[in-house]
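For reference, the structure is listed below as structure tokens.
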Amino acid sequence: MKRTSLIALVMLTSAAGCDVPDPNAPPEPIDDISPAAMAALPEGVDPIFLIRDAQGCYGISVEATEPVTGVALLDAEGNQVCDT
């Protein structure tokens with residue numbers, strides 16, 4: 001019984017390992033960050049944490065999730081920074 005359980009556990013772990021993203025991997029960088037987004041980035045925050053949605057609006061990733069989530073990147077007037 002133990003041998004069967006161990007084999008099943010190894011197989012399950014192996015199969016699951018293919019689909020699980022590495023939580024320690026840094027987010028994929030954005031190649032073409034707009035000047036407006038760079039200007040709105042809070043001091044001390046690395047641009048590697050910038051994310052952009054399908055509408056071209058920026059955010060700052062706050063946790064390693066799939067898909068990546070975060071908080072909106074706001075300009076000095078409090079508007080979300082988006083590419084036009």
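Please read all numbers here as calculations on a predicted model, not as lab measurements. The figures that follow rest on heavy atoms only: side chains count, while hydrogens, waters and symmetry mates do not.
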Step by step, work out the side-chain contact (heavy atoms from CB on, under 4.5 Å) result for Ile30 and Asp32. CA-CA 6 Å; Ile30 299 173; Asp32 55 343; 3.6 Å; yes
Val81 versus Ala40, closest heavy-atom pair with distance: CG2-CB, 3.6 Å
Not counting sequence neighbours, which residues clear side-chain hydrogen bond (donor to acceptor under 3.5 Å, both in side chains) with Asp83? List them please. Ser34, Arg52, Tyr58
From the options Leu73, Ile60, Leu41, select the one residue that forms a side chain to side chain contact (heavy atoms under 4.5 Å, CB included) with Phe49. Ile60
Main-chain N/O of Glu63 paired to Ser61 side chain as donor or acceptor, under 3.5 Å: no
Can you list everything that forms a side-chain contact (heavy atoms from CB on, under 4.5 Å) with Val62? Sequence neighbours excluded, please. Val71
